[in-house]
Amino acid sequence: MKLRNDGILWTGPATVLMLLVLFVPLAFVVVTSVWTPAGLSLAAYQRLFGSALFLKTFWSTFEVSISASLVSLLLGYPIAMHLARQTPRMRSIYMVIVLVPFWTSVLVKTYAFLVLFGRNGLINQALSAIFQMNIEVPMLFNRFAVLAGMTNYLIPFVVFPVLASLLAIDRSLYMAAEVSGAKPARIFFRITLPLSVPGVLAGAFSTTVMSLGFFVIPALLGSRKEAMMSNLVDFYTREVLDWNMASAIAVMLLGTVTLAALGSDLFMKRESRSRTPKAVPA
Amino acid sequence: MTQVPKCTHSQKARGIIIDRLARRYAGLRNAMAFVVYAFTLLPTLIVIPISFGGAGEMSFPPSNWTLELYEQLFSSSAWVSSILQSTKVSCLATLLAILIAVPAAYGLGRFDFPGKRLVLFLVMSPMVVPVVVTSLGLYLYFSRLHLVGTTIGLVLSHVAYVTPFVVITVMAGVNKLDPALELAASIMGAKRLAVLLKVVLPQLRPSIIAGALFAFLMSFDEVVIAWFITSPETTTLPVKMYTSVQWEISPIIAAVSALLTMLSIVFCCLSIFLLPGTAEPSR
Amino acid sequence: MSYVTVSMGSDEVLVPDSKQDSAADTMPAINMKANMIALEGVGKQYGGVQVLHPIDLAVREGEFVTLLGPSGSGKTTILSIIAGAIAPTQGRIILNGRDVSAVPPRERGLGMVFQNYALLPHLSVFDNVAFPLQVRGLAKGEIASRVANALERVGLVGYEKRKPRELSGGQQQRVSIARCIVYSPSVILMDEPLGALDKKLREQLQAEIKRLHRDLGTTVVYVTHDQEEALDLSDRVCLMNGGRIMQVGTPNDLYFEPVSEFVADFLGESNLLEGAVTAVNTVTTRDGMVLGVRSTEGCCVGSPVKVLIRPEKIGMTDAGAPAIATQRHNVTSGKIAQASFAGGTMRVDVLCEKGARLRLKTVSSRASELVGAPVVVSWATSDAMVLKN
């Protein structure tokens, strides 16, 4: 009896804050999306699905998010493996390399990519110096730049869960495999990879969901063609001044992200359930 | 691979080959890891040497080292006022977030109560909702309340934005507390507040400080909400950076970026020092 | 279960209702048998599982009562319910005449000692012991003298400035006890206080707890799974199993007059012979031994029973000695099947001629090591207890 009241007492302020500063605003978005001077209407949504700009953005948001997630998975995995093989002391030192960018503002990293990838940026300068000719590889304001920036941002979010599942693997499995003469490649594909699947899935899902809502990186490193749904919300709010449309897009984005989050949550739960009774591969 | 006790010649030869293979694999693995380490870390670090180059050039390494950009930064009232505004907002947001999130973390970590799942969902939802959606909502909502362009509006929004991360950090600390200590204190006659102040908080200090560092940095670096709901008078540093990058790529940004990087290095080291092993809250 | 007296409330002081608090206050305090704690029909369910079946239990003022039982028996649940850490699903808790069922722990006026000490890691020994006095808002000087007194009682003078982590387990538990006695709570609850200590320290601290209880006269409710601790310390023991009370009584009652096989087995070693009642005060075992027993009261002829004989009650002589069964003695011959040396005593297993195997304790001697030697064993009929199935 006492415990119940206490729980509500302690969490009360946070709950009220979330209702007032998050859920009321969200309600405003939903209402604005269906409220026109003529009254309630779904006109904004009808316009959305007739708009080539929206449909293109919608699909490219998915494309960019999924590819950014896959690339960061491919790049993050070797780091996680490297970290997993270190002694705890060395691991905490290498960890700083992952943590410093993680704690750094996305604007700093984006600015750095502008400097590196620019027409006269550091990479083109270096290439020109090496080949003794004027090289201007276009690396900025295209999908490559957006993916590079997003991947750079996402790698830590892959490393943390993958490292956790790698560290959870029983060391004696490796010993057993080595003693029985398994080659490193075999050990990797039979032990390391399958047992790190939970971490890989967690990393893949969370980075995809996160990417769907990216704003700064596509806005600064991409061209109009690389705009994602977030940027479209901004565009309609600021440049078209059509809050009705902006809200409808925001509702679509929120719905997409919620579905993706719920879906991955469900998948993870089912995955972990199907995993538990299975014998450990040897 | 070294544990091949009694072995024949052929076995020994095989062992050596495997050993060599393993070493080559290890080399490959390490090389891959270091390339990615470089890719992760370089963009963050490269802004530091660039910031010491002149205003006209953008090269690495800078041909002549100078503090020119820093002088420009600190003599520009627009930049300085955005730094001050950001500092003010982050400090207030951190303070409020701690006041709200620490009790919430304690309540969620320690007690069972009806509606706990709902409360957990509410408190954690800012992590899932795309910031741009929140920002648009806040913009529409605050327009009604005449809070757009006010510092208090931004502070409140940032409190909501950082609270789930502080809750997670502090809850990890709460889960490590021995509930017997609180029970003991309460049996000895301590009231709720006394238990919190004298038993719980002293033990949670490291996680609270880590949560505060995290909250400060997140608020200090937050762009999107601020971009939607600040006015020119209340522009924060990230918004100032965002607009400058968008329109002109002012070289002063190099100096700002370098300062931000150094700030995050300091915070990162502090958090590692404070809470070994928990410096990576799931963002 | 005819002689189980679980409810202590009925034949003694009537427990006043919560509405009659004032009446309780005016009751004569001289009544030495006043109930300090009374649990009335207290039970606890967790998600449909009855972890504690409704029980009645009363603890008198100044009494040392131990809740004894294996893990999961519900003993810690009872302690937590008395402490107020968990709310019972049903029943009432009366503390010192007041219904405290809905009173939070801080207002129950209890003291508690935990298995893992529960000292505040960031405070010194002095501040830990001073904590309950500080929350009561006592003056500085008063606190200092009371803390000094408490620390002296537990033999920790000179340790005031240390932090808990700089102390050994035994010392930490002493601090925890000092922190408890410093504010003289009317009841002290102890949750396996010796559980985390090694054997030697355990014995030492056990003696100190006993002495402290004698000196202070505080009511103590003690939880343990160690029967020796329970038998040594307690005025009364409440033996529990599976969320039910098996027997409540003095250590003597439980040891010598267990009401069930579980009680007999849990406390000390026992020989249990299965059989059936064949006449008044006579049981014939399954393998045909006819035994005189103390009493078959309440049993019908033919009802299946078990006969309990404690190993130390069985005597053993060489086979040559005359062996005559009498009204007062059961005698049977057999041979030594196994003997093990346990310091001053021997544990000897004797295989009786009818096939039963009896364990007995005897003074160590070389002769009793002779496995296979024919012997005669005997025990008084008054030491053979009947346990109904």
Side-chain angles (χ1 to χ4, degrees), chain B residues 98 102-103 105-118 120 169-212 270-271 273-278, chain C residues 46-47 76 79-80 82-87 95 100 103-124 127-138 163-164 175-193 196 221:
Chain B
I98 290 295
V102 171
Y106 181 59
L108 287 169
R110 186 55 92 224
F111 302 107
D112 264 322
F113 52 95
K116 180 172 167 175
R117 288 169 63 95
L118 180 68
L120 199 65
T169 314
V170 177
M171 224 158 100
V174 171
N175 289 337
K176 274 188 236 148
L177 293 187
D178 178 3
L181 293 184
E182 291 141 59
L183 177 61
S186 135
I187 287 176
M188 287 186 285
K191 296 199 170 56
R192 277 196 195 97
L193 198 64
V195 173
L196 187 72
L197 293 180
K198 292 186 176 167
V199 180
V200 177
L201 289 186
Q203 295 184 82
L204 283 182
R205 206 169 60 181
S207 11
I208 293 175
I209 295 176
L270 275 177
S271 77
F273 175 73
L274 272 172
L275 289 176
T278 48
Chain C
Y46 272 122
T76 304
L79 203 71
S80 307
I82 299 175
I86 57 177
L95 264 180
V100 295
V103 171
R106 60 177 174 274
E107 287 161 27
R108 294 193 181 192
L110 305 167
M112 187 155 176
V113 176
F114 295 81
Q115 177 171 8
N116 57 359
Y117 326 127
L119 298 174
L120 299 173
H122 56 284
L123 296 183
S124 66
D127 289 330
N128 262 290
V129 179
F131 184 90
L133 305 178
Q134 279 162 356
V135 297
R136 281 171 175 70
L138 264 64
K163 288 279 171 68
V175 177
S176 162
I177 292 172
R179 183 177 67 171
C180 208
I181 61 179
V182 76
Y183 62 105
S184 326
S186 53
V187 176
I188 296 181
L189 309 174
M190 295 190 162
D191 186 10
E192 309 226 13
V221 180

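Below, all heavy atoms of this structure are taken into account, side chains as well, without hydrogens, waters or symmetry copies. Note on naming: letters A, B, ... go to the chains in the order of the sequence lines (proteins, then strands), and numbering restarts at 1 for each one. What you see is a predicted model, and the numbers here were worked out from it, not measured in a lab.
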Is chain B contacted by the side chain of C/Leu133, its backbone, both, or neither, given a heavy-atom distance below 4.5 Å?
neither
Residues 182-192 of chain C: residues contacting chain B (heavy atom under 4.5 Å, by number)
C/Tyr183
Working to the nearest 0.5 angstrom, can you tell me the gap between C/Phe114 CZ and B/Leu183 CG?
4.0 Å
Closest contact, heavy atoms only, C/Ala118 versus B/Ala184:
CB-CB, 4.1 Å
Can you measure from CE (B/Met188) to CZ (C/Arg136) and round to the nearest 0.5 angstrom?
9.0 Å
Residue among B/Pro179, B/Gly189, B/Pro202 with most heavy-atom pairs under 4.5 Å to chain C:
B/Gly189
Rounded to the nearest 0.5 Å, what separates atom CD in C/Gln134 from atom NZ in B/Lys198?
5.5 Å
Checking C/Arg108 now: which residues fulfil salt bridge (Lys or Arg N to Asp or Glu O under 4.0 Å) with it, not counting sequence neighbours?
none
Could you tell me if the side chain of C/Pro121 sits less than 4.5 Å from the side chain of B/Leu181, heavy atoms only?
yes
